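From a predicted model like this one, the values you see are computed outputs, not experimental measurements.
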Amino acid sequence: MACSVDPLVVGRVIGEVVDMFMPTTSMSVNYGSKHVSNGCELKPSLTTIPPSVHITGRPTDLFTLVMTDPDAPSPSDPTMREWVHWVVVNVPGGTDASQGEVVVPYMGPRPPVGIHRYVFVLFHQKSPFPAVAPPESRANFCTRGFAALYQLGLPVSAVYFNAQKEPANKRR
């Protein structure tokens, strides 16, 4: 079943990225064998390719997945909040995000300074999207505004991880 929102409140995802919601759909995010759980830390070098994002639901259900960094360019001065890393629409339930239509191509985390949160937000669509225009810039994306524009309502699931810049000699 869907998880609790408590870690999302503690991690300030609820408040800074989305409003309070009740999770109703399970979403599993994995970078290779590494499962993403709220607040876990991942090395940016392990997140260079899109993760596997499995969504429960019926094949007739459609979902939108948004991935952002609300801490860009730095957690102490997030003047580019939110930096959009990935947007996929028309993802059928019971499948992976790779079955959807990419609006914003995946960009792996590249935190320049500090510990950044990378947030995956899932919305249930009321109907298929014929065409979704990509944002003009990745900077200053607004998940709430995007959801309002496309009448997505509140999220049905969300999860986030933390990452920070790796020393050059420690990347793998």
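- Contact of the Met67 side chain with the Tyr106 side chain is registered, since non-hydrogen atoms from C-beta on lie closer than 4.5 Å.
- The shortest heavy-atom contact between Gly153 and Ala147 is O-CB, 3.8 Å.
- Looking at Pro51 and Asn30, their side chains never come closer than 4.5 Å, going by heavy atoms from C-beta outward.
- Contact check for Phe146 versus Thr64: side-chain heavy atoms found under the 4.5 Å cut-off.
- By the 6.0 Å contact criterion, CD on Glu41 is enclosed, its count of non-hydrogen atoms from other residues, nucleotides or ligands being greater than 12.
- Taking CD of Gln151 as the start and CZ of Phe129 as the end, the distance is 8.5 Å to the nearest 0.5 Å.
- The cluster map of Ile, Leu, Val, Met, Phe, Trp and Tyr, joined by side-chain heavy atoms under 4.5 Å apart, puts Met27 and Val88 in the same cluster.
- No path of Ile, Leu, Val, Met, Phe, Trp and Tyr side chains, each step under 4.5 Å between heavy atoms, connects Met107 with Trp86, placing them in separate hydrophobic clusters.
- Both Val17 and Ile14 sit in one connected hydrophobic cluster of ILVMFWY residues. Membership requires side-chain heavy atoms under 4.5 Å apart, directly or through other members.
- Proximity of Pro111 to Tyr118: side-chain heavy atoms (C-beta onward) are separated by under 4.5 Å at one or more points.
- Hydrophobic cluster membership is shared by Val9 and Tyr160, with clusters built from Ile, Leu, Val, Met, Phe, Trp and Tyr side chains linked at under 4.5 angstrom.
- At distances below 3.5 Å, not a single donor-acceptor pair connects side-chain atoms of Arg138 with backbone N or O atoms of Trp83.
- Judged by distance alone, the side chain of Ser157 and the main-chain N or O of Thr25 form a donor-acceptor pair under 3.5 Å.
- Between Pro78 and Pro75, the shortest heavy-atom distance links the atoms CD-O, 3.7 Å.
- Side-chain contact check for Val84 versus Pro135: some heavy-atom pair is nearer than 4.5 Å.
- Side-chain polar atoms of Thr79 and Asp77 form no donor-acceptor pair below 3.5 angstrom.
- In plain terms, the two heavy atoms of Gln125 and Phe63 that are nearest each other are OE1-O, 2.9 Å.
- The main-chain N or O of Ala163 is never found under 3.5 Å from a side-chain atom of His116 such that the two would form a donor-acceptor pair.
- Taking all atoms of both residues into account, the shortest heavy-atom contact from Ser127 to Leu62 is C-CD1, 4.2 Å.
- A donor-acceptor pair is defined here as one N or O able to donate and one able to accept, closer than 3.5 Å; such a pair exists between the side chain of Asp96 and the backbone of Val53.
- In terms of modelled atom types and a separation under 3.5 Å, the side chain of Asn90 and the main chain of Pro128 share no donor-acceptor contact.
- Evaluation of the ring-ring contact (aromatic ring centres under 6.0 Å, His included) test over residues 8-52, restricted to residues two or more places apart or in two chains, returns Tyr31-Phe161.
- Follow the hydrophobic side-chain contacts under 4.5 Å out from Val156 and you reach Leu65 in the same cluster.
- Not one N or O on the side chain of Lys34 forms a donor-acceptor pair closer than 3.5 Å with the backbone of Leu42.
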Mind running side-chain contact (heavy atoms from CB on, under 4.5 Å) on Val104 and Phe141 for me, showing each step along the way? CA-CA 11 Å; Val104 176; Phe141 181 83; 5.9 Å; no

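- Each of Asp71, Asn38, Asn162 was evaluated against Arg117; a single residue qualifies, Asp71, per the side-chain hydrogen bond (donor to acceptor under 3.5 Å, both in side chains) test.
- Interatomic distance, Asp69 CG to Arg81 CZ, rounded to the nearest 0.5 Å: 9.5 Å.
- Within the structure, no pair that satisfies the ring-ring contact (aromatic ring centres under 6.0 Å, His included) test touches residues 37-57, not counting sequence neighbours.
- For Asp19 against Arg144, the heavy-atom pair with the smallest separation is OD1-NE, 2.9 Å.
- No donor-acceptor pair under 3.5 Å is formed between the side chain of Glu16 and the backbone N or O of Pro70.
- Note that CD1 of Ile49 is 9.5 Å distant from OG1 of Thr47, once rounded to the nearest 0.5 Å.
- Around the CZ atom of Arg110, the shell of radius 6.0 Å holds no more than 12 heavy atoms that belong to other residues, nucleotides or ligands.
- No side-chain donor-acceptor contact under 3.5 Å links Ser74 to the backbone of Val113.
- What you find for Pro59 and Pro92 is that their closest heavy atoms are O-CB, 3.8 Å.
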